[in-house]
Amino acid sequence: MNKYRSHTCNELRKNNVGKSIVISGWINKKRDHGNLLFIDLRDNYGITQCIIDQENKNFKELEKIQLETVIKVEGRVVNRSKETINKDIETGEIEISIENFTVLGTCKELPMPVFTDQEYAEEIRLKYRYLDLRRKKIHENIILRSKVISFIRSEMNAIGFLEFQTPILTSSSPEGARDFLVPSRLNPGKFYALPQAPQQFKQLIMVSGFDKYFQIAPCFRDEDARADRSPGEFYQLDLEMSFVEQEDVFKVVEELLINTFKKFSNKKLISEKFPRISYADAMAKYGSDKPDLRNPLIINDITEVFLRDDVSFEIFKKLVKSGSQVRCIVTKKTKDKPRSFFDNIDKWAKAEGFSGLAYFTLEKNNEISAKGPVGKFFSKESLEEIMQKTGAKIGDSIFLACNNQKELENITSLAREKIANDLDLIDNDSFAFCWIVDYPMFERDEQTNKIKFSHNPFSMPQGDLDKINFEKPLDILAYQYDIVCNGIELSSGAIRNHIPDLMYKLFSIAGYDKKQVNEKFSGMINALSYGAPPHGGIAPGIDRIVMLLANEKNIREVTMFPMNQNAQDLMMSAPSNVNENQLKELNLSLKLKK
RNA sequence: GGGGGUGUAGCUCAGUUGGUUAGAGCGAUCGCCUGUCACGCGAUAGGUCGAGGGUUCGAGUCCCUUCACUCCCGCCA
């Protein structure tokens, strides 16, 4: 036995009664009855109640001691009488009669309490993260994270993937997110970049003949934070496989995720085979390439209805004539919802910066009619056409918006979420996975009007490579895919383009000539010309997986030492100033913007 | 870069139409209490009402500026 403990704080049970033991931990809570003192001692494993009365020479000292002080307790395990058993803790049938104690670590007055479940401002939680992490919920989240990562690792090993580390100091990449730069002392004026993802390295690992690679890889992107996006750094389960088609990657990842989610959550999986939705369908039906499939609402295009002469909704008709579309969301059996329900949604849409959401409800007295502010503009026949196009029935309501395609996708996807939440249509006890497939290889940049890669420039275009029509680049689809769960993008991957000539061709469409490609991707393009296997992979986000499993809405709740929204570590005071000598050695001088 | 929310004691919050000395619970300190498990009871200390400016006889409260945190848009192939 070591000198600090014979048992943990979650080990002692009825069958230990009578034993002399030593336990150590934090003072979670004290209940002082004057001549009798209860102390809840806590460690990583649990809580044990310790008790001491005034007969004991240590009583006065222990009575004065601060919460969260670390102490060692020597004592005897005693039975609790039936009335005093605490069913809420696993050691609740016994308690420790304190004989002696030692302070191992003193504690100042706490800036935040540890033992409550109350919520606190993030600022103080992040500054005193080590105190925050002692608290039950987040402590458990971090342990869950550890277990999930171990599980994934063993599953990956079991199916023949090899884990490799890739460089953290690498070169800046021209595409994608902003890089974090690291100045090189030995190469004055030059910079390393932290990897946004090990993308090129994992492809090089395939070219090197290792067949199946994975890594729990840190990724660094200097972009602004969101609730589900850490600023600065995050982790991906990065994986890549040789001699595979899209289906092979799907099989591996689908099984892995299903096993993981089954093991670590009791929520039900809506489908064990992830449905596949093309990018085009997703944008049409959900207005988003990360649809929450728990949400039953679907978007329909009813532009044609506004070409009818018996529809007199002139504002929309005029817009449609000049190229706009009309899309709508049908809500089932909402005819008896109060006016405020509809108006709130319209009000919400305006607050989001859109021109609002028109709505009406389908009714039938003698004949079909539409009730609501814009109902009068629709003839019976036009309503029948809408019902036929959308599957709407009498008693349903229809929310509609008119705009260009991009704005429509934007508003309808947000409205879909808003309306479903207002109607409480989303089952929070389930996970709805799907694949989004068939991403377009290129898209038109709205500002410059130029053709650019829509996702990963290294993706393989679909179809017979001899027959690709490069004249219509916007029609080329890629073997590019995302996994979405409950509206959260979990990962993105692709079958890679391993053919240098094809790569040059695709890059030329995006406006890069051969020389530029050779310069910017020298490592990759060179490697591909020395016998590259067909390969592909994917990279699920670890933080987001754990977030879903822990039922948290914020990624900081599953991150041990997160930065705040401004990418500052309040505990370690990072980033910080560096001294003049450090700068000098790196050949740097500062020229701050005002 | 832009928009929304929040900011009052160490912590969580209340504070009415602008009106006396800014309150409560937890925590701290002191006292009482031998079966609690959010123990109970009593007392004491603790405030730049985020900061600065303005309006007013009078500002936690109204106005302007600014800062911090947070959510969202942009951004994140």
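Computed from a predicted structure; not experimentally measured.
- Residue A:Ile451 contributes atom CD1, which lies 20 Å from atom P of B:A77 at whole-angstrom precision.
- With P as the reference atom, B:A59 and B:C49 are 12 Å apart, rounded to whole Å.
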What pairs of nitrogen or oxygen atoms, one from the protein and one from nucleotides 70-73 of chain B, lie under 3.5 Å apart?
unit_1, atom_1, unit_2, atom_2, d
B:U70, OP1, A:Gln565, N, 3.3
B:U70, OP2, A:Gln565, N, 3.1
B:U70, O3', A:Arg556, NH2, 3.3
B:C71, OP1, A:Asn554, ND2, 2.5
B:C71, OP1, A:Arg556, NH2, 2.8
B:C71, OP2, A:Gln565, NE2, 3.4
B:C72, OP2, A:Ala227, N, 3.0
B:C73, OP2, A:Arg226, NE, 2.8

Report, one pair per line, the protein and nucleotides 22-27 of chain B atoms (nitrogen or oxygen only) whose separation is under 3.5 Å.
unit_1, atom_1, unit_2, atom_2, d
B:G27, OP1, A:Lys29, NZ, 3.3

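- Regarding A:Asn456, its CG atom lies at a distance of 10 Å from the P atom of B:A77, rounded to whole Å.
- By the salt bridge (Lys or Arg N to Asp or Glu O under 4.0 Å) test, A:Glu407 pairs with no residue at all, sequence neighbours left out.
- Annotation: B:G10 and B:A45 have their C1' atoms spaced 13 Å apart (nearest Å).
- A:Asp482 meets the salt bridge (Lys or Arg N to Asp or Glu O under 4.0 Å) test with no other residue; sequence neighbours excluded.
- Between A:Ile89 and A:Leu570, the residue anchored closer to the 5' end of RNA chain B is A:Ile89, taking for each the nucleotide with the nearest heavy atom.
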Distance-only donor-acceptor hits, side chain of residues 519-528 of chain A, under 3.5 Å, sequence neighbours excluded:
none

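- Between A:Gln196 and B:A77 there is a side-chain N or O to OP1 or OP2 distance below 4.0 Å.
- Atom OH of A:Tyr279 is separated from atom P of B:A77 by 14 Å (rounded to the nearest Å).
- Salt bridge annotation for A:Asp346-A:Lys350: present, with a cationic side-chain nitrogen under 4.0 angstrom from a carboxylate oxygen.
- Nucleotides B:A9 and B:G15 have their P atoms positioned 15 Å apart, rounded to a whole Å.
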Before you tell me yes or no, could you show the steps for A:Asp238 and A:Tyr213 under side chain to side chain donor-acceptor pair (under 3.5 Å), namely the whole-Å CA-CA distance, both residues' side-chain angles and the distance that decides it to 0.1 Å? CA-CA 8 Å; A:Asp238 195 44; A:Tyr213 141 90; 2.8 Å; yes
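- To the nearest angstrom, C1' of B:G10 lies 16 Å from CG of A:Asp132.
- Here the separation of B:U44 from B:U34, taken at their P atoms, is 24 Å to the nearest Å.
- If you check every strand for non-hydrogen atoms under 4.0 Å, A:Glu119 touches sugar and phosphate atoms only.
- B:G60 and B:U16 are spaced 13 Å apart, taking the C1' atom of each and rounding to whole Å.
- Within the 4.0 angstrom heavy-atom criterion, only backbone atoms of the sugar-phosphate kind lie near A:Pro111; the bases stay farther away.
- A 4.5 Å side-chain heavy-atom check between A:Val437 and A:Ile277 finds every atom pair outside the cut-off.
- Of the charged side-chain nitrogens involved, none lies within less than 4.0 Å of a carboxylate oxygen, so that A:Arg229 and A:Glu223 do not count as a salt-bridged pair.
- A:Arg221 is listed as a side-chain neighbour of A:Phe234, based on a closest heavy-atom distance under 4.5 Å.
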Test log, rule ring-ring contact (aromatic ring centres under 6.0 Å, His included), inputs A:Phe453 and A:Phe442: CA-CA 4 Å; A:Phe453 288 109; A:Phe442 298 102; 5.2 Å; yes
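- Put simply, the side chain of A:Arg229 and the base of B:C75 share a donor and an acceptor less than 3.5 Å apart.
- As rounded to whole Å, 15 Å separates atom C1' of B:C39 from atom CG of A:Asn28.
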Protein proximity profile, nucleotides 31-36 of chain B - base contact B, sugar-phosphate-only contact S, no contact -, cut-off 4.0 Å on heavy atoms: S-BBBB
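- Partners of A:Asn56 under the side-chain hydrogen bond (donor to acceptor under 3.5 Å, both in side chains) rule, at least two apart in sequence or in another chain, are A:Asn58.
- For residues 115-125 of chain A, the pairs satisfying salt bridge (Lys or Arg N to Asp or Glu O under 4.0 Å) are A:Glu122-A:Arg556, A:Arg125-A:Asp132, A:Arg125-A:Glu557, with sequence neighbours left out.
- In this entry the distance linking NE2 of A:His455 with P of B:C76 reads 11 Å, nearest Å.
- Residues passing the side chain to side chain contact (heavy atoms under 4.5 Å, CB included) test with A:Lys29 are A:Arg31, A:Asp40, A:Phe115, sequence neighbours excluded.
- Within residues 230-239 of chain A, no residue approaches RNA chain B, by heavy-atom distance under 4.0 Å.
- Between B:C41 and B:U36, the distance separating the two C1' atoms is 15 Å to the nearest Å.
- The pair A:Arg544-A:Glu489 does not meet the salt-bridge criterion, since no charged nitrogen lies less than 4.0 angstrom from a carboxylate oxygen.
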Would A:Glu93 and A:Asn79 count as a side chain to side chain donor-acceptor pair (under 3.5 Å) here? Give the steps. CA-CA 7 Å; A:Glu93 286 189 311; A:Asn79 228 340; over 6 Å; no
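- Rounded to whole Å, the P atom of B:U61 lies 12 Å from the corresponding atom of B:G7.
- What you find for A:Met206 and A:Met241 is that their closest heavy atoms are SD-C, 3.6 Å.
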Both distances under 3.5 Å, Watson-Crick or G-U wobble: on that basis, could you give the dot-bracket string for RNA chain B, with [ ] for crossing pairs and | for other-strand partners? (((((((..((((.....[...)))).(((((.......))))).....(((((..]....))))))))))))....
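- Shown here are the ring-ring contact (aromatic ring centres under 6.0 Å, His included) partners of A:His33, two or more places apart in sequence or in another chain: A:Phe38.
- Taking atom CZ of A:Arg221 as the reference point, atom C1' of B:A77 lies 8 Å away to the nearest angstrom.
- Taking the charged nitrogens against the carboxylate oxygens, A:Asp292 and A:Arg294 do have a contact shorter than 4.0 Å, which makes a salt bridge.
- A gap of 30 Å separates the P atoms of B:G23 and B:G5, to the nearest Å.
- Using a 30° and 60° split on the angle between ring planes, A:Phe507 and A:Tyr512 fall in the perpendicular class, above 60°.
- Between the CG atom of A:Leu41 and the P atom of B:C37 there is a distance of 19 Å, given to the nearest Å.
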